[in-house]
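See structure below.
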Amino acid sequence: MHPLLSNVNIYPFLGLYGNDHFPFDFAFINGSNKVLIDGNSVYTNVFDANLDTLYWALEKAGYPDMHVIVGEVGWPTDGDKNANVQNSKRFNMGLLKHALSGNGTPKRKGIIDIYLFSLIDEDAKSIAPGNFERHWGIFEFDGRPQNATEFHYLAESTDYACSLSDCTALGYGSSCNGLTLQGNASYAFNMYYQVHNQMDWNCDFSGLAIITDENPSEKGCQFPVMISHGSTLLLDQHEGLSNILKKAFCGYIFLVFLL
């Protein structure tokens, strides 16, 4: 019986750890490093190269369509010269946008299923591999975010988006009043994106948002989509409007973590 699922852990950070000759930018999704050419495939980062190594191996073994999940991937925030909050944020945010973009790898296109490692730092974990082993968490030992300013910036970005669009549906008693903090941000980012003519650069907010074709409407709260200058239409998932409209939303990036 052929297995239907494969799991792989990918840690680009380890390419840098203890190897001063590893090209620094090649460890990041948004690096400016020279590309690596392998036959007809062009690689700009080591994550895609590692994942395609597995895809090729599965194909040679007779499983070309096996679904692959990246069970662990992340970047530590301390314990090494390359392990810090800035590099961790750069790697994680770049990876999330890449994984959700649908561009996939040179070998296989589509959304990449990933689990970020990990939710919190582990103060009792063995440091035999390196001091960084206790610092993979998005949050510190006590639950504080590694980069608290980013969470503050989420609120500021939401306020900014609403000030230049229409967020009245988020008000008390309104149709979208019951959304979570992340939902409020997604609604605000989407409204800003829509009223500014769906330009890609209007759905970024310093890496907090991403364009998606999935309707994020929930709990009676409809996310508008602009279909022509100065007019909007509320998408109803049950009326087949996807046949005549290209769904284009902008929303806050939701994270999935591994403990």
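- Of the candidates Phe13, Phe22, Phe28, Tyr11, Val46 forms a side-chain contact (heavy atoms from CB on, under 4.5 Å) with just one, namely Phe22.
- In this structure, the side chain of Asn45 engages the main chain of Asp48 through a donor-acceptor pair within 3.5 Å.
- For the ring pair (Phe, Tyr, Trp, His ring centres under 6.0 Å) condition, the pairs that include at least one residue of residues 156-186, sequence neighbours left out, are Tyr160-Tyr192.
- Taking CG of Leu116 as the start and CG of Asn92 as the end, the distance is 5.0 Å to the nearest 0.5 Å.
- Here Leu58 contributes atom CG and Ser6 contributes atom OG; the two are 5.0 Å apart, rounded to the nearest 0.5 Å.
- By the 4.5 Å heavy-atom criterion applied to side chains, Asp113 and His67 are counted as neighbours.
- Side chain of Trp75 to main chain of Asn82: a donor-acceptor pair is present (N/O by atom type, distance under 3.5 Å, no hydrogens or angles).
- In this structure a side-chain-to-backbone donor-acceptor pair under 3.5 Å is present from Asn7 to Gly71.
- With a 4.5 Å cut-off on side-chain heavy atoms, Ser186 and Phe249 do not count as touching.
- Between Phe141 and His135, the ring planes lie tilted relative to each other; the angle falls in the 30° to 60° range.
- Here the closest heavy-atom approach between residue Gln198 and residue Met226 is recorded as NE2-O, 3.3 Å.
- Clustering ILVMFWY residues whenever any of their side-chain heavy atoms sit less than 4.5 angstrom apart, transitively, puts Leu164 in a cluster other than the one holding Met199.
- Pairing each heavy atom of Tyr55 with each of Lys107, the nearest pair is CB-CG, 3.6 Å.
- Under the 4.5 Å side-chain criterion, counting only non-hydrogen atoms from C-beta, Val68 is not in contact with Ile112.
- When each of Cys176, Ser175, Ser217 is checked for a side-chain contact (heavy atoms from CB on, under 4.5 Å) with Gln222, only Ser217 meets the rule.
- The two residues Asp38 and Tyr43 make their nearest non-hydrogen contact at CB-CE1, 4.1 Å.
- In this structure, His98 NE2 and Thr44 OG1 are separated by 7.0 Å, a value rounded to the nearest 0.5 Å.
- For Asp121 and Gln146, the side-chain atoms include at least one donor-acceptor pair closer than 3.5 Å.
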(request) In sequence, state the C-alpha distance, the side-chain angles, and the governing distance for Asp20 and Lys81, and then conclude on side-chain contact (heavy atoms from CB on, under 4.5 Å). (result) CA-CA 11 Å; Asp20 292 332; Lys81 64 180 181 180; 2.9 Å; yes
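- Between Ile127 and Glu133, the closest heavy-atom pair is CA-CB, 4.5 Å.
- Here the straight-line distance linking atom CG of Leu100 with atom CD1 of Ile211 works out to 12.5 Å at 0.5 Å rounding.
- Remark: the backbone N or O of Thr168 is paired with a side-chain donor or acceptor of Asp166 at under 3.5 angstrom.
- Considering CG of Asp25 and NZ of Lys34, their distance stands at 12.5 Å, rounded to 0.5 Å.
- The closest donor-acceptor contact from the side chain of Asn9 to the backbone of Glu72 lies under 3.5 Å.
- With hydrogens and angles ignored, the 3.5 Å screen pairs no side-chain donor or acceptor of Arg134 with any backbone N or O of Asp78.
- Between the side chains of Gln194 and Asn190, a donor-acceptor pair is found at a separation under 3.5 Å.
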(request) Begin from the C-alpha positions of Val195 and Asn202 and carry the test side-chain contact (heavy atoms from CB on, under 4.5 Å) through to its verdict. (result) CA-CA 10 Å; Val195 302; Asn202 288 321; over 6 Å; no
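- More than 12 heavy atoms of other residues, nucleotides or ligands shown are found within 6.0 angstrom of NZ on Lys109.
- Rounding to the nearest 0.5 angstrom, the gap separating the SG atom in Cys162 from the CG atom in Asn184 is 8.0 Å.
- Across all their heavy atoms, Ala128 and Ser126 have their closest contact at N-OG, 3.2 Å.
- Residues Leu170 and Asn177 approach most closely at O-ND2, 3.5 Å, considering heavy atoms.
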